Amino acid sequence: MGNYDALLILSFGGPEGPDDVMPFLENVVRGRGVPRERLLEVAEHYLGFGGVSPINQQNRDLVEALRPVAGVPVYWGNRNWRPFGEETVLRMRDDGVRKAAVFATSAWAGYSSCRQYYEDIARISVEDGPELVKMRHFGDHPGFVAAVADHTRQALERLGRDDARLVFTAHSIPITMAETAGPAGGLYVAQLRRSAELVTRALGRTAPWDLVWQSRSGPPRVPWLEPDVCDHLRKIDAPAVVLVPLGFVSDHMEVVYDLDTEARQVADELGLPMERAATAGVHPAFVRMVRELMDEPEPAPCPLTCCPAPRRPGAPA
């Protein structure tokens, strides 16, 4: 056990009103040279939902669900929007926290999904503040698998089709990033495939399933993981589909826009019956999982060569 005296939920963050949208997006892409035209395009996605991302409320819900079971105070901080991680860690220091388990709201290896959270921890750590220990990847944890399987089962019941094909989705990333994920490379895709297999097994299903990608945001000249979920729906040979957003633990804007809006529109145009499974959210098995991770031996930090930052266009080799 790590002998923690607090738990920190460390997440991505999201806007909570129209005036937050552009400052939030500017935080997300700072230093990446993303054209303003692209930011304005993405901003329209958020503004279509009143400028509010679901992720912050889902993190509040997760904090409230954890408080009765964590056994220690539960804090929450974000990378890109309020409450910022820096402010949260200062509050933890003032509260006398000495060592905190850090639950990053991403289950997978990779630069954006893991290494960047280590960078966040280094950035927000303060003198005389708590030691921050990031907990391990959890895509294969029985609690995560049970939560995803239960939500998938509910989606299948809503659809009323036993013959529906399961299509697992995750955030696409550049192929070069996928190739360098994990100590030996390729771990992002391998972990997602393993998790999909475990969920399928938990459902007692033997039918084939698919792993596809969504939310690509890079320039066309840079190859990213494919196929895109909407392209896959146009080509799939199945009587019905359940989309399972395996790569997300809560309903990010990518889930409600790319799946509930764009993929839904494609399915409707094709006359393809489709349901979308809920993300893990605050499923009781998922909440228990977070508590169980705190009881595991303290994970060894990743090697510094693991999941390197992507080289930005124009950066020196």
Side-chain angles (χ1 to χ4, degrees), residues 103-118 134-156 164-215 224-229 232 236 241-250 252 254-255 259 276-281 283 285-290 292-293 295-297 299-303 305-308:
F103 179 74
T105 56
S106 172
W108 320 105
Y111 175 71
S112 297
S113 48
C114 183
R115 170 60 60 187
Q116 202 167 7
Y117 283 103
Y118 279 111
K134 182 182 179 295
M135 293 190 284
R136 68 169 175 90
H137 304 153
F138 52 84
D140 62 347
H141 192 286
F144 179 73
V145 172
V148 176
D150 191 28
H151 287 316
T152 302
R153 185 181 298 108
Q154 293 174 34
L156 285 163
R165 190 175 184 97
L166 300 186
V167 176
F168 296 92
T169 76
H171 206 302
S172 184
I173 59 174
I175 289 177
T176 54
M177 192 185 294
E179 290 173 343
T180 58
L187 191 55
Y188 178 69
V189 176
Q191 286 179 331
L192 284 156
R193 288 196 176 280
R194 172 61 174 162
S195 188
E197 289 171 357
L198 292 172
V199 170
T200 304
R201 189 182 306 167
L203 291 167
R205 292 173 63 94
T206 57
W209 50 266
D210 305 307
L211 175 63
V212 302
W213 311 99
Q214 61 173 91
S215 313
W224 283 47
L225 293 173
E226 295 179 337
D228 175 79
V229 59
H232 186 69
I236 197 169
V241 166
V242 168
L243 297 184
V244 185
L246 183 66
F248 305 86
V249 302
S250 65
H252 297 204
E254 288 89 344
V255 175
L259 299 185
R276 195 265 288 180
T279 49
H283 190 285
F286 184 65
V287 173
R288 286 194 302 271
M289 178 205 77
V290 180
E292 290 168 7
L293 290 176
D295 290 334
E296 292 184 356
C302 293
T305 54
C306 184
C307 303

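Keep in mind it's a predicted model, so treat the numbers as computed, not measured. As a basis for the values below, the full set of heavy atoms in this structure was taken, side chains included, without hydrogen atoms, waters or symmetry mates.
- Using a 4.5 Å heavy-atom threshold, the side chains of Phe103 and Met289 count as touching.
- Taking CZ of Arg205 as the start and CG of Leu156 as the end, the distance is 5.5 Å to the nearest 0.5 Å.
- Leu246 is listed as a side-chain neighbour of Trp108, based on a closest heavy-atom distance under 4.5 Å.
- Between the CG atom of Asp210 and the OG1 atom of Thr169 there is a distance of 11.5 Å, given to the nearest 0.5 Å.
- Atoms CZ and OG, on Phe138 and Ser106 in that order, are 6.5 Å from each other to the nearest 0.5 Å.
- Between the Glu254 side chain and the Gln214 main chain, no donor and acceptor come within less than 3.5 Å of each other.
- His283 contributes a side-chain N or O that, together with a main-chain N or O of Ala285, makes up a donor-acceptor pair within less than 3.5 Å.
- The heavy-atom pair separating Ser112 from Tyr117 by the smallest distance is O-CE1, 3.9 Å.
- We find the CZ-NE2 distance between Arg288 and His141 to be 10.0 Å, quoted to the nearest 0.5 Å.
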- Task: Kindly determine whether Arg136 and Leu293 satisfy side-chain contact (heavy atoms from CB on, under 4.5 Å), including the steps that lead there.
- Result: CA-CA 8 Å; Arg136 68 169 175 90; Leu293 290 176; 3.9 Å; yes

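- The two residues Pro245 and Ala277 make their nearest non-hydrogen contact at CD-O, 3.3 Å.
- Residue Ala181 comes nearest to Gly110 through the heavy atom pair CB-CA, 3.9 Å, listed as atom of the first residue, atom of the second, then distance.
- Side-chain contact between Thr105 and Ser250: absent, with no pair of heavy atoms (C-beta onward) separated by less than 4.5 Å.
- Residues Phe168 and Thr200 meet the side-chain proximity criterion, which asks for heavy atoms closer than 4.5 Å.
- The OG1 atom of Thr180 sits 11.0 Å away from the CG atom of Leu187 when rounded to the nearest 0.5 Å.
- Side-chain contact check for Phe144 versus Val249: some heavy-atom pair is nearer than 4.5 Å.
- For the pair Arg153 (side chain) and Leu203 (backbone), a donor-acceptor distance under 3.5 Å is absent.
- The main-chain N or O of Gly139 is found under 3.5 Å from a side-chain atom of Ser195 such that the two form a donor-acceptor pair.
- Between Pro299 and Lys134, the shortest heavy-atom contact is CG-O, 3.2 Å.
- Using a 4.5 Å heavy-atom cutoff, the side chains of Arg115 and Pro308 are not in contact.
- Contact between Ser215 and Phe248 at its shortest, heavy atoms only, is OG-CZ, 4.5 Å.
- Nearest approach of Cys114 to Cys302, heavy atoms of both residues: SG-SG, 4.5 Å.
- Glu197 has its side chain within reach of Trp209: a pair of non-hydrogen atoms, C-beta onward, lies under 4.5 Å apart.
- In this structure, the side chain of Ser172 engages the main chain of Leu225 through a donor-acceptor pair within 3.5 Å.
- Taking NE2 of His171 as the reference point, atom CH2 of Trp213 lies at 11.5 Å (rounded to 0.5 Å).
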- Task: Could you walk me through whether Val199 and Leu166 pass side-chain contact (heavy atoms from CB on, under 4.5 Å), step by step?
- Result: CA-CA 10 Å; Val199 170; Leu166 300 186; 5.6 Å; no

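- Listed for the His151 side chain is a donor-acceptor partner under 3.5 Å among the backbone atoms of Thr279.
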